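The next block holds one structure in the form of C-alpha cells; read it before the comments.
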Amino acid sequence: MAVISENIEIAKGIFKMCLSGAPLGEAGQFLMLKQPDSLDPFLARPLSYCNIDKNSGTVTLVYQTIGKGTKAFSKLKQGSLMQAVGPCGRGFPLVSGNAVLIGGGIGTAPLLLLAHALRESQPERHIKVHLGFREEAYLIKEFGQYADEVSVDIGGIITDAADFSQAAAYYACGPEPMLKAAALKAEKAGAELYISLEKNMACGVGACFGCTCKTKGGNKRICKDGPVFNALEVHDVL
Amino acid sequence: MAVISENIEIAKGIFKMCLSGAPLGEAGQFLMLKQPDSLDPFLARPLSYCNIDKNSGTVTLVYQTIGKGTKAFSKLKQGSLMQAVGPCGRGFPLVSGNAVLIGGGIGTAPLLLLAHALRESQPERHIKVHLGFREEAYLIKEFGQYADEVSVDIGGIITDAADFSQAAAYYACGPEPMLKAAALKAEKAGAELYISLEKNMACGVGACFGCTCKTKGGNKRICKDGPVFNALEVHDVL
Amino acid sequence: MSYEPLVTEFLGVTLKNPVLAASGTVGFGREYETLASLSKLGGICSKGLTLNGSLGNDGPRIYETPAGLLNSIGLENPGVGRFIKEELPFMRSLGCAVIANLGGHSEIEYIKGASLLNDAEIDILELNISCPNILDGGMAFGIDPKSAADITKKVKAKSRHPLLVKLTPNAPDLIAVAAACEEAGADGLSLVNTFLGMAIDTKLRKPVFNNVYAGLSGPAIFPIALRMVHEVCKAVSIPVAGIGGIAAKEDALSFLMAGASVVQIGSMTFAAPDTMAKLVDELYDYCKLNALENIRQIVGIL
Amino acid sequence: MSYEPLVTEFLGVTLKNPVLAASGTVGFGREYETLASLSKLGGICSKGLTLNGSLGNDGPRIYETPAGLLNSIGLENPGVGRFIKEELPFMRSLGCAVIANLGGHSEIEYIKGASLLNDAEIDILELNISCPNILDGGMAFGIDPKSAADITKKVKAKSRHPLLVKLTPNAPDLIAVAAACEEAGADGLSLVNTFLGMAIDTKLRKPVFNNVYAGLSGPAIFPIALRMVHEVCKAVSIPVAGIGGIAAKEDALSFLMAGASVVQIGSMTFAAPDTMAKLVDELYDYCKLNALENIRQIVGIL
Ligand SMILES: Cc1cc2nc3c(=O)[nH]c(=O)nc-3n(C[C@H](O)[C@H](O)[C@H](O)COP(=O)(O)OP(=O)(O)OC[C@H]3O[C@@H](n4cnc5c(N)ncnc54)[C@H](O)[C@@H]3O)c2cc1C
Ligand SMILES: Cc1cc2nc3c(=O)[nH]c(=O)nc-3n(C[C@H](O)[C@H](O)[C@H](O)COP(=O)(O)OP(=O)(O)OC[C@H]3O[C@@H](n4cnc5c(N)ncnc54)[C@H](O)[C@@H]3O)c2cc1C
Ligand SMILES: Cc1cc2nc3c(=O)[nH]c(=O)nc-3n(C[C@H](O)[C@H](O)[C@H](O)COP(=O)(O)O)c2cc1C
Ligand SMILES: Cc1cc2nc3c(=O)[nH]c(=O)nc-3n(C[C@H](O)[C@H](O)[C@H](O)COP(=O)(O)O)c2cc1C
Ligand code: FES
Ligand code: FES
C-alpha cells in the first residue's frame, strides 16, 4: 500500500499527488490507483507517472478532477493509504537524437517524466516541448528543468505550432483530436511519432480485454500493449 | 452540511467527533450521519448526541468502530464535511428528583448529555452514574462535571451494582442483556426506568417502518417514537 | 408566460415535474416534508396500503448491501380506511400529486381496497402487484402475465382513478406482464419494485430475514432497472414511471431517455434526503441549458 | 498429518481450496500471476473460449456502475486451438486446477470446441451458456431449460472432462434450467454469470454500448446472486460453484452456507487484485477458529 505524502491543487481543478511506497516505472507507464476499503468508486483509476524521484522513491502524479474517482482523490489527505498497482503498460521508447514533445491539457503530465528520462539518457540532445492548455498553464517550471525550449499556448491549437521536420522522434499526449492532428502531420512529414491512448479500463493489467483497440497489428490491449503506440499503428482508429 | 472540527481516538476503538453546523437536540436523541458523495456505505449511521455546547453550537459524538461505516468515520479528517440529519427521535424525559444513570460500553455516550441536562434542569438533584466497560473506561472525567457520584466497573455486570430503590428515575443505555437485566430489576422494585433501544435503520426519521418494534402500545418506530422508551412498555420485546 | 419546462402530463394528471417519491420510502409524507421538500415534487406515493392494515414482518427489516439495501418491511400500514382519514389530508396539503399505493393478499382484498379509495381524493392509484415481502399475494400477482392482467382488469373496473400498475423485476417474463397489463386496461406502468435478494448472518449461520429473502433496492440495481424500463417502454404504448436506484441527475435523465415519462426515487432519499428536491432543480437547469421547451422532448429519445 | 481444512473435492478434482478465479477476469493467468498470487488458489477459469476465436465487440467495453461494472467484451479470445498451444501450458504451470470456459454461437461450435479440448490437460470444462454479450448463441442457450439441457447433453457426450455448466441469472426460470442441466448430465453448475443491464450516455443521448445492453457484475449483484445460488442448491443435488459480487470473506462464507461447494471471484479482482489470496488465508483462519475439520462442514448449513 502506498502512502500519500502530498496532495495539493496546482491549478484550477489540477492536483499534484506524491506517493511513497508506490511501484516505480518508466515514462508513459501508469499506475492503477484506488482508495482501499471503499467500493465507491468501484474500479481503480489509471494515472500516468508524471515524475519519479528515484532517490526518495517518490512518485508524482498530476491529475485533473473529472468525475467521482478523481474528485475523491482530490479530497484525500496526507498520510492516507492508496492502493497502487503497476507499473502498468509500455512506456515511451527513448529514441536517440533530438526530441519534440507535444502535450495538450492534462496530457502534459506523462511528458514531464519523458523529458526527464530523455535528458538523463542522452544529456546532449535537444528537447523541445510544446504545451497547450485551455485556460491555465501548469508544470511549466518543471519542464524547464529538463527541456531546452518550452513553448506554451493557451486556447490555441497546439499541433499547429509544432514542426514535424526537425527531430528524431515526436511524442504526443492529449485529447484525441489533438492526437489525430499530430498523427496526420507526422505521417505527411514521415516523422516518427509516439502517442499515448486512453480507454476505460477495468483491470489495467491486460487480463480483461476491456480496453482493446484495433491496430494494424490486430487487437491490442491499451493497458498492456500500450498505452503508448507508434502513431502509424493506430492511425485508423483515432 | 456539518463540518468536523475534531475527530480523535479517546480509547481503543472509541472515537470522539465534534461537529459544527449540525442540528442541535436533546439527550437521547440522535443524528443520522453520513459522509456525503459516497455510496459506500450507502445508509447513514445513527449516533446519539454525547454532549452539546450550546454557546459554540458544537455537537460531540462518541462512537465505537464496529463495521464499515464507523471505520470510515474514524478516518475522516478535521475540516471534512458530514451530512447530519436530525435531531431524530424522542430523548430521555427529565424526571424531577434524584436520578441514576446506568451505561454499558458505548451506551455511556448518550448518558453524558443526559447528566448534563439533568444537572442544568435541576441543579440540586443527586445524580449517580454507574458505568461498565469491557476493558477500558472512557468519558469518566466528563461525567464528573455533572454527576455527584460516578462508579466505574471494568469487566463486571453493571446492573448488579445499581440499587433500584432510591431514585425518582433510572436511565439505562447499553447492550441488550444489560437493558433486560435492568428492566427486570426496575420492575421488581417498582422503579421508573427509561432505556434506549437500537435497531438497523434506513431513514432514521420514521418514514420507512424499517425499525419497528412491538410495544404494549402497538408497533412503534424506534427512530421516531423512540429510541427512548419506558422499560415497562417494551419489556416483552427485550 | 413563465418557463415551466418540467410540467408533465401523466395519466391525465398535471404534475409540476416528473420527480416522484417512490412508495414506502417517504411513509405518508410527514417525516420528510421539510427534509425532502416534498411540496416541490411532482408527487408522492404513499406507503403500500392493504385493506385492513398490517403490522408488517417480524425480525430484522433492513440490511445494508453494497450501494443498496435489502428490506423486508412486509407492508406495515394502517389500512385503507385509516389512511383516508388520518394520512391523506396531510398528503393533500403538500400541494403535489398524491398517489395511493395499494397492496393486497387476495383478489377480493385488492378490489375492496380500490373501491374504498374511490371515496378518496387521490390523483392516481398505484397497484402494487410486486411486493416481495408478503408471503401470500403481493408479488405473486405480478409474476405471471395472466394473473397480472386479471387483477388489473378487475381493479380497473372498480376504480375511478387513473391506474398505474407497479411491476416486479422478478417476473420471469416482464415484457409479457407489461403487455398483459396494458391490454387489461392499465393507464400506466411503474417499474421496478425491488429485486428478490438474500443476506446471511454468517455468525449465526442463518438467514438475516425471517422470510429468508427480501427486496433489494438502491443504486446497485440501477443498470438492471434501466434495461428493464427500456425493454418495457419499447413494448407498450402507455406511459411508464421509471424506478430503481436513481441517485442523481444522470440516472433520472437515463430513465427518461430510455422512455419513462416520470421517475420515482426511493432508497436514495434515505441516504440523502435532499436528493429529489435537488433533482428537480437540476432537471430545470438541464432543460434551460439544452433549450428544451419541455422535458418530454427527451423522453424515449434513444 | 497437517491441518488442511480447505482441501475440496469438486467434480472429482481435488482443489487446494474452494477459491477460484472467475472466467474473464484473469485472462489466462499471466497478468495476475503475481499480483493475485494465482498459484495459491484452488483453480482459475480461462477467459471464455470459442472454437475459432473472436476479436470481441466494438465500442466501449467497460462502464463503471455503483459497486459494480457493466462489460461488453464479447468473448475476445484466441480460439480453442491457440489456447491449448499458447496459453494452457502457462496456466498448468501455476499449480492450481485449470478450468476451460467454453462459449459458442451454435451447437456445432460448442461440440467441436469441447471435442478439441479433449486433447488438452484441463481439469474441468465450464460450459458458458450464459454470456450476454454475443448476439447469437451464448446466453440464448441458457435462457430456456430445453435448449440448456440439449447442449449440456451433447457436450457431455463428447467431452472426457468433468462438466460444469455456467448459468445465466437472466433465465426466466433459473431453477428449471438448473434442474434440466442436472438431468442432462451436468456434473456441476456455476452461477451466476452477469445480469443484463444498460447504461446511457446522456450527453450523446445514446446507449453507451454498441449492443445496447451489457453484463452487470460486482458487489452490487451479490444479494441477488446469493438468493439464486440458494434457490438452485435446494433444487439440485450436483455441486454448485457460487459466483457473483464476492468482495470479502463474509460474502464467500454466505455462498458456502447457502450451499455452494466452491466460490468464484470475478470483478473484485479488478478493484483489489489481492482479494482471492486474502480470502484463502481468511477462510483458513476461519476454519481454525471455528474448529472445522473441513470447510465443507458449513456448505449448505442453512
Ligand atoms: C493510461 C492512462 C493514463 C492516464 N493518465 C492520466 C494522468 O496522468 N492524469 C490525469 O488527470 N488523467 C489521466 N488519465 C485519465 C484518467 O484516468 C481519467 O480522467 C479518470 O479515470 C477519470 O476518472 P473519474 O472517476 O474522475 O471520472 P468518471 O468519468 O466518473 O469515470 C468513470 C469511469 O470512466 C473511466 N474514465 C473516465 N475518463 C477516462 C479517461 N480519459 N481515460 C480512461 N478512463 C477514463 C474511469 O476510469 C472510470 O472507470 C489517464 C488515462 C489512461 C488510460
Ligand atoms: C438511536 C441509536 C443511537 C446510537 N448511538 C450510538 C453512539 O452514540 N455511539 C456509537 O458508537 N454507536 C451508537 N449507535 C450504534 C451505531 O449506530 C452502530 O454501531 C453503527 O451504525 C454501526 O455501523 P457500522 O457501519 O460501523 O457497522 P456495520 O455492522 O457494518 O453496519 C451495518 C448496518 O447495520 C447497522 N447497525 C450495526 N450495528 C447497529 C446498532 N448497534 N444499532 C443500529 N444499527 C446498527 C448500521 O447502521 C448499518 O446499517 C446507536 C444506534 C442507534 C440506533
Ligand atoms: C424500505 C422500503 C419500503 C418499500 N415499500 C414499498 C411499498 O410499500 N410499496 C411499493 O410498491 N414499493 C415499495 N418499495 C419499493 C420502492 O418503491 C421502489 O420501487 C424500489 O425501492 C426501487 O427504487 P429505489 O432503488 O430508488 O429504492 C419499498 C422500498 C424500500 C426500500
Ligand atoms: C470483464 C468481464 C469478462 C467476463 N468474461 C466472461 C467469460 O468470458 N466467460 C464467462 O463465463 N463469464 C465471464 N464473465 C463473468 C464472470 O465470470 C462472473 O460470472 C461475473 O462477473 C459475476 O461475478 P463477479 O460479480 O464476482 O464479477 C466476465 C465478467 C467480467 C466482469
Ligand atoms: S483494462 Fe483489462 S485488458 Fe486493459
Ligand atoms: S428507520 Fe425508517 S422508520 Fe425507523
Side-chain angles (χ1 to χ4, degrees), chain B residues 1-2 22-23 31-46 66-72 81-90 176 197-226 236-237, chain C residues 21-36 38 44 46-48 53-78 133 199 208-209 214 217-220 222 245 247-248 266-275:
Chain B
M1 218 43 90
L31 291 169
M32 288 297 282
L33 290 157
K34 184 172 157 66
Q35 223 182 315
D37 300 326
S38 174
L39 297 174
D40 187 37
F42 181 60
L43 296 171
R45 299 296 190 255
I66 300 284
K68 181 151 235 175
T70 49
K71 275 176 199 155
L81 294 179
M82 194 67 143
Q83 177 185 292
V85 169
C88 300
R90 302 197 316 177
E176 238 180 68
L197 299 185
E198 297 188 355
K199 199 164 175 183
N200 282 14
M201 294 178 176
C203 71
V205 300
C208 76
F209 302 103
C211 66
T212 296
C213 83
K214 291 208 161 79
T215 74
K216 295 232 164 70
N219 271 5
K220 293 278 163 84
R221 297 160 299 178
I222 289 178
C223 71
K224 181 79 183 179
D225 308 314
D236 304 341
V237 303
Chain C
S23 175
T25 57
V26 295
F28 301 103
R30 291 183 205 280
E31 295 81 9
Y32 273 123
E33 178 189 8
T34 4
L35 276 171
L38 295 183
I44 73 173
S46 77
K47 172 64 195 168
S54 158
L55 293 176
N57 290 340
D58 286 337
R61 292 183 172 188
I62 295 288
Y63 189 83
E64 192 184 58
T65 69
L69 73 150
L70 287 161
N71 89 75
S72 181
I73 311 291
L75 292 186
E76 173 168 351
N77 80 93
N133 294 321
V208 165
F209 295 102
S217 62
F222 171 74
S267 307
M268 194 61 197
T269 296
F270 303 151
D274 61 351
T275 302

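Chain naming here is simple, since letters A, B, ... match the order of the sequence lines and numbering starts at 1 in each. Remember, predicted model here, so these are calculated numbers, not experimental data.
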Counting distance only, does the side-chain N/O of Gln83(B) pair as donor-acceptor with the main-chain N or O of Pro273(C) below 3.5 Å?
no
Do you know which of Gly24(C), Pro219(C), Gly218(C) has the most heavy-atom pairs with chain B at a distance under 4.5 angstrom?
Pro219(C)
Measure distances from Ser267(C) to the heavy atoms of chain B and classify the residue's part below 4.5 Å as side chain, backbone, both or neither.
both
Residue from Met268(C), Lys47(C), Glu76(C) scoring the most non-hydrogen pairs under 4.5 Å with chain B is Glu76(C)
Within the structure provided, determine whether Cys203(B) and Glu31(C) are in side-chain contact (heavy-atom separation under 4.5 Å).
no
Using modelled atom types only, decide if a donor and an acceptor are shared between the side chain of Ser23(C) and the backbone of Ser46(C) within a distance under 3.5 Å.
yes
For Arg45(B) and Thr70(B), which I'm curious about, is there any donor-acceptor pair between the side chains at under 3.5 Å?
no
Parallel, tilted or perpendicular for Phe270(C) and Tyr32(C), by the 30°/60° rule?
parallel
Ranked by heavy-atom pairs below 4.5 Å to chain B, first place among Gly56(C), Pro60(C), Ala272(C) goes to Ala272(C)
Hey, could you give me the CG/NZ distance between Leu39(B) and Lys34(B), rounded to the nearest 0.5 Å?
6.0 Å
Interchain contact, Lys68(B) with chain C, by part (heavy-atom threshold 4.5 Å):
neither
Which portion of Met201(B) sits near chain C, non-hydrogen atoms under 4.5 angstrom:
backbone
Using non-hydrogen atoms only, which part of Val205(B) is less than 4.5 Å away from chain C: side chain, backbone, both, or neither?
both
Non-hydrogen atoms of chain C under 4.5 Å away: do they reach the side chain of Pro36(B), the backbone, both or neither?
neither
I'd like to know if the side chain of Asn219(B) and the backbone of Leu55(C) have a donor-acceptor N/O pair within less than 3.5 Å.
yes
When heavy-atom pairs shorter than 4.5 Å are enumerated against chain C, which of Gly69(B), Cys208(B), Ala44(B), Ala202(B) gives the highest number?
Ala202(B)
Would you mind checking which part of Asp58(C) comes under 4.5 Å of any heavy atom in chain B, side chain (CB onward), backbone (N, CA, C, O), both or neither?
side chain
